[in-house]
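In this text, all values refer to a predicted model and were calculated from it rather than measured experimentally. Throughout, protein chains are lettered first and strands after them, A, B, ... in sequence-line order, and every chain is numbered starting at 1.
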Amino acid sequence: MSGADPLLSVDGLVKHFPIRGGVLQRQVATVRAVDGVSFRIGRGETLALVGESGCGKSTVGKTIMRFHQPTAGTVRFDGRDLAAMKPRELRAVRRDIQFVFQDPFASLPARMPVGDILAEPLEIHGVGDRRSRRARVVELLELVGLGADAVNRYPHEFSGGQRQRVGIARALALEPRLLILDEPVSALDVSIQAQVVNLLARLQRQLGVAYLFIAHDLAVVQHLAHRVAVMYLGHIVEYGDADTVFTRPAHPYTQALLSAVPVPDPRLRDLDRRILLTGDLPSPADPPAGCPFHTRCWKAEERCRAERPALEVRTPGGADSACHFAAEAELTSGPAGRTAS
Amino acid sequence: MTEPLLSIENLVTEFRVEGGVVPAVNGAGYHVMPGETVGIVGESGSGKSVTVASVLGLLPSSGRVVSGTTRFAGRDLLALRERELEQIRGRDIGLVFQDPMTALNPVMTIGEQIAEGLRRHQAGLSRRAAGARVAELLAEVGIPSPKERARQYPHQFSGGMRQRAMIAMAMANRPRLIIADEPTTALDVTIQAQILDLLRRVQREHDAALVMITHDLGVIAEMTERVVVMYAGRVVETADVDSIFHRPRHPYTRGLLRSLPRLGERRDELPAIGGQPPDPRRLPDGCSFRVRCDLSGGRAECGFQPALTEVAAGHVSACHFHAELAAEEVA
Amino acid sequence: MTALDTVTPPAGPGSLSPGQLAVRRFRRHKVAVAGLVLLVLFGLAAVVLPFFLDDPNAVDPTAIRQGPGDGHLLGTDSAGRDVLARLAAGGRVSLLVGLSVAALTTTIGLVLGAVAGYFRGWVDAVLSRITDVVLSFPTLIIVIVVVAFVGPSVTALILGIGLFHWPVAFRIVRGLTLSLREQDSVQAVSGLGAGPGRVLRKHVVPAVVAPLTVVATLEVAQAILLEAALSFIGLGVPPPTASWGNMLNEAQSLTILESMPWLWLPPGIAIALTVLAVNFVGDGLRDAADPRAAR
């Protein structure tokens, strides 16, 4: 899918946040939230950006949206650089790129009935007249599995899952070609997560919209993603086809991450397949030199402390990985076959 | 047969809200044997946390236990005075919460807080002895350079380290029961793995019973021996962990398990449970799950609240049609 | 997906807009409702009563400083004017000053605060510094100077207080806007492609109006008190126009203070009650705007 003409191509994206301190509010440090990230998304495909909190995955999504101003790098959408656009041009591009927030409670305006919330993007871009907008709103509600009677209700009257459907409907109102989904199911109840995951899969089949799916739940990601980028401390450490990354991960961090996911089957719990990482995530304000993962890696050697490994193909037929000692661990499909590395 | 360490029966708890009273727990009950690990699963509105808060006297001021009996080590907890409950909490029952930041005092050092808990319940423990014990506890929960870390404040700890400190605090007085309410929900998976590992270890070493309250079925499968499934303020199924995961006898349990995305298997569509989580303000009459149930099919029986019935040894289910689930499995 | 997915919770009495819910919370606040009733009564009295009473400025040299009684319900003042008539007319002035100042200060504060908070950067820096400068002037002295230049009048009073009292509203709106613009719900709207105008108009302003009404009530109360203070020292509403403040002015004489309470007690009580009622209403509004504060 990373062929000739991607829908979105991100190159060398950097986002640093200054930390200010002291009486004069001088910059005292820099949080390297995103530190040189590159990836592509093809039309109609899903790229998942996974990693733990603080790895910078959400910042990537918000910087593409220009909620944050990128520090460096380019973000080409359909060949045009979003990072360099003026606000006015950017507003026009919004029709093609939309965003769904994690928290369905905080991301909808509380004072507006759902009908107005869904009509707002149409109003902003001057799509249709009052009547055709009303019709479109009902169509959108049906598209995401809500009844037309939701139009006059306020967000506080809905459950979390229903609100997230409203958020998705709003994002789809302008028929975007790319949807950036920032942890869209992690605030939802287990029984509701599956509904929304199914909805997202159906919408992609139906509308051909591409997803940048930002998530930490690997099992959910596996259900939706065509390709996966694993982030750690502002860098992509593994990048490739979802099946490859999930069954034959080459980077030790990916291996640890996958092995740490609790398996919902008590018969598999004593298999001792788990790689227990020691220590915590280093602060992105003071990232380690060399490979960002070396402070927690069981393979780390002197070289890892000095030299940052590039993200490239390191195993035959495998995903791109950024590890000097990349070696695939077989995590074959079917939970029974999962083994220790 | 040995006596249960903790038993809860027919607990009813409600909350005062604007314009009325909302039931949060509608006659829930379960028991925990000494040394046993029990998982309590449920979604929002299931009452899994409110049940425990009721028992421990930790309800917010708008909450009230209406009826029910609870016994811990032979004592009726609901009849105890606040002071006596305080004695039990922190000494006989250790608590681990989802967000340690709300449970820890931000202006006291970690060491002071653990020492305070020690000295409150162990009269005559000298300051020096308490300090030594604190360092020992912090080392036990895997906090490096414990003497130095004891002098730090909660905000200087990472999320995982705070949860370790919380566990140290819960273990300080060698409790017979640890209650952990979503202890790893706020943590990343690699840190979650560390904390679960730690909880397992301290439980084994102290020979304490452990109640794990969580919505994460993966955590339940990895950690527990017996599982209590709650829905809309009631227990709908209880069994040993293997039966719950492989022979569920309640359509809600079965639905949850089916809808779960699993690593290593990719399905086109997840068989989701329909509908929305129960809204305690408008529970349907009869079986609360019937509006979302794929087994009910609108049958008249579901208009009546099903009783918990034993479907196998140690396995109870509150479904009129649990036999159909068993039959389907054989087929 | 099952059919259950399309089921939304039943509408009905539970289906209220956030605005309606706020009204319900306000109505539950008994003291605030009492305050509101009192204010409405005062307002009605100030508007309606003068049509039925004597001319408040009509001097009657034959009936000077008469105690309450026949013909003059609350007696007469040193110029023989009817105290009740002057009280009602003065109420007009006091409420006019209070409401105008509140409208002026909150409008200035809302516009500048929203702009500063939304655009941040140099816009915010400039506006915030101007605010600091304005705040550093003592209002009373400023108004005295203004009045000294343009002469005392109700307009001068309103402008004098209003143009130097907006920083409170500004600071609150600016702070709220700064945090609002980072909130998902506002970011989401920018993400839809809305420009700053729309974001401010439809999403920032409605969100700050509720807390701003609380500030507005404080401004009403303060303006009424300031008017009274200025008129008391003879720099507010110029005679013969009645205002609660210049009615009090008479009480500067010790004889009146000691033996003619009907001259100063009514305006004093009116001021105290009005300010108290306004503050109660402000309290109720604050609780109504913030559901967590309501018990």
Visitor: Heavy-atom pairs under 4.5 Å with chain C - which of A:R111, A:M65, A:H125 has more of them than the others?
Guide: A:R111

Visitor: Mind listing the closest non-hydrogen atom pair of C:L192 and A:L174 along with its distance?
Guide: O-CD1, 4.1 Å

Visitor: Identify the two heavy atoms, one from A:S107 and one from C:A188, that lie closest to each other, and give their separation to 0.1 Å.
Guide: O-CB, 3.9 Å

Visitor: Under 4.5 Å heavy-atom distance to chain C, tell me which part of A:F101 shows up: side chain, backbone, both or neither.
Guide: side chain

Visitor: Once rounded to the nearest 0.5 Å, what's the spacing between atom CZ of C:R181 and atom CZ of A:F67?
Guide: 11.0 Å

Visitor: Closest approach of C:G193 and A:I124, non-hydrogen atoms and distance?
Guide: O-CG2, 3.4 Å

Visitor: With chain A, which of C:R198, C:Q183, C:E182 has the greatest number of heavy-atom pairs at distances under 4.5 Å?
Guide: C:R198

Visitor: Give, as side chain, backbone, both or neither, the part of A:L141 having an atom under 4.5 angstrom from any heavy atom of chain C.
Guide: neither

Visitor: Taking atom CD of A:E123 and atom NZ of C:K202, what is their separation to the nearest 0.5 Å?
Guide: 5.0 Å

Visitor: Specify which of A:R94, A:R66, A:K62 makes the most heavy-atom pairs with chain C at under 4.5 Å.
Guide: A:R94

Visitor: In terms of heavy-atom proximity below 4.5 Å to chain C, should A:E120 be classed as side chain, backbone, both, or neither?
Guide: both

Visitor: Please give me the minimum heavy-atom distance between A:P109 and C:S185, naming the atom from each residue.
Guide: N-CB, 4.2 Å

Visitor: So which part of A:R170 gets closer than 4.5 Å to some heavy atom of chain C, the side chain, the backbone, both or neither?
Guide: both

Visitor: At a 4.5 Å cut-off on heavy atoms, which part of C:Q187 comes close to chain A: side chain, backbone, both, or neither?
Guide: both

